[in-house]
Amino acid sequence: MTTNIIVKELERLGREYLFEYNDAITLANLRKSLNSYVQDYIVNNTLSYASVNVEKDPTSPETLNIQLNVKFVGTIEVIKIDLTVE
C-alpha cells in the first residue's frame, strides 16, 4: 500500500515537470524534488533506503523515465519500480 502511495505521488510530481524544457537542469531539479519526497519516508522510518533516477526517454522527448529503488525497514530486498510519465 505504501508503495502505491509513493508511486502515485512520484507520478504527480513528475507531471509537473513534464512540459518543462528537458535539459540537464530541469532533470536535476526533478530528481532533487523526487529524492526529497522519498527521503521523508526514510526520516519517518518506513524505508531504510530510497533512490530515484530520472532520465529522458531516448525515443520520445515528451516522456520521462523514472526509476525508483526502495527498501522497507525490516526487509532484505530492494524493490525496483520503473515509471513512465507521459
Side-chain angles (χ1 to χ4, degrees):
M1 189 163 122
T2 304
T3 307
N4 289 338
I5 293 169
I6 293 171
V7 167
K8 286 180 184 180
E9 191 64 22
L10 291 182
E11 287 176 342
R12 186 189 66 77
L13 290 169
R15 282 196 181 94
E16 292 177 8
Y17 288 86
L18 190 59
F19 296 106
E20 298 288 331
Y21 185 69
N22 281 342
D23 61 351
I25 295 171
T26 303
L27 294 177
N29 288 338
L30 175 58
R31 187 177 304 112
K32 181 180 175 185
S33 174
L34 298 179
N35 276 313
S36 175
Y37 173 76
V38 294
Q39 290 301 316
D40 290 340
Y41 284 93
I42 292 174
V43 170
N44 72 13
N45 211 21
T46 302
L47 299 175
S48 61
Y49 171 78
S51 171
V52 178
N53 188 22
V54 179
E55 297 176 349
K56 292 189 294 188
D57 189 5
T59 59
S60 175
E62 300 90 22
T63 304
L64 296 174
N65 294 327
I66 301 172
Q67 182 182 54
L68 170 67
N69 296 305
V70 295
K71 181 179 179 225
F72 287 92
V73 172
T75 62
I76 58 172
E77 69 272 352
V78 174
I79 300 170
K80 178 184 167 188
I81 301 169
D82 294 320
L83 304 170
T84 301
V85 179
E86 298 181 292

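Quick note: residue numbers are just sequence positions, from 1.
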- Gap between atom CD1 of Ile6 and atom CG of Leu47 - 0.5 Å precision: 5.0 Å
- Item | Stepwise side chain to side chain contact (heavy atoms under 4.5 Å, CB included) test for Gln67 and Asn65 | CA-CA 7 Å; Gln67 182 182 54; Asn65 294 327; over 6 Å; no
- Item | Student check: side-chain heavy atoms of Tyr41 and Val70 closer than 4.5 Å | no
- If two hydrophobic side chains count as joined below 4.5 Å and joins carry through other members, does Phe72 share a cluster with Ile81? yes
- Val54 to Arg31 - nearest heavy-atom pair and separation: O-NH2, 2.9 Å
- Item | For Ala50 against Ile42, the heavy-atom pair lying closest together | N-CD1, 3.7 Å
- Item | Lys32: partners by side chain to side chain contact (heavy atoms under 4.5 Å, CB included), with sequence neighbours left out | none
- Query: With ILVMFWY side chains joined below 4.5 Å, transitively, what does Ile25's cluster contain besides itself?
  - Reply: none
- Message: Using the salt bridge (charged side-chain N to carboxylate O under 4.0 Å, His left out) criterion, which residues pair with Glu9? Sequence neighbours excluded.
- Response: Arg12
- Task: Would you give the length of the straight line joining atom CG of Leu13 to atom CG of Leu30, rounded to the nearest 0.5 angstrom?
- Result: 8.0 Å
- Task: Spell out, as yes or no, whether a donor-acceptor pair under 3.5 Å connects the side chain of Asn35 to the backbone of Val52.
- Result: yes
- Message: Measuring from atom OG1 of Thr46 to atom CD1 of Ile5, what distance do you get when rounded to the nearest 0.5 angstrom?
- Response: 9.5 Å
- List the atom of Val73, the atom of Ser48, and the distance in Å for their closest heavy-atom pair. CG2-N, 3.8 Å
- Item | Worked verdict on Asp82 versus Thr84 for side chain to side chain contact (heavy atoms under 4.5 Å, CB included) | CA-CA 7 Å; Asp82 294 320; Thr84 301; over 6 Å; no
- Task: Supply the atom-to-atom distance Lys80 NZ to Leu68 CG, rounded to the nearest 0.5 angstrom.
- Result: 11.0 Å
- Task: Any chance you could measure Ile79, atom CD1, to Thr3, atom OG1, to the nearest 0.5 Å?
- Result: 5.0 Å
- Rounded distance (nearest 0.5 Å) linking atom NZ of Lys56 with atom CG of Leu64: 10.0 Å
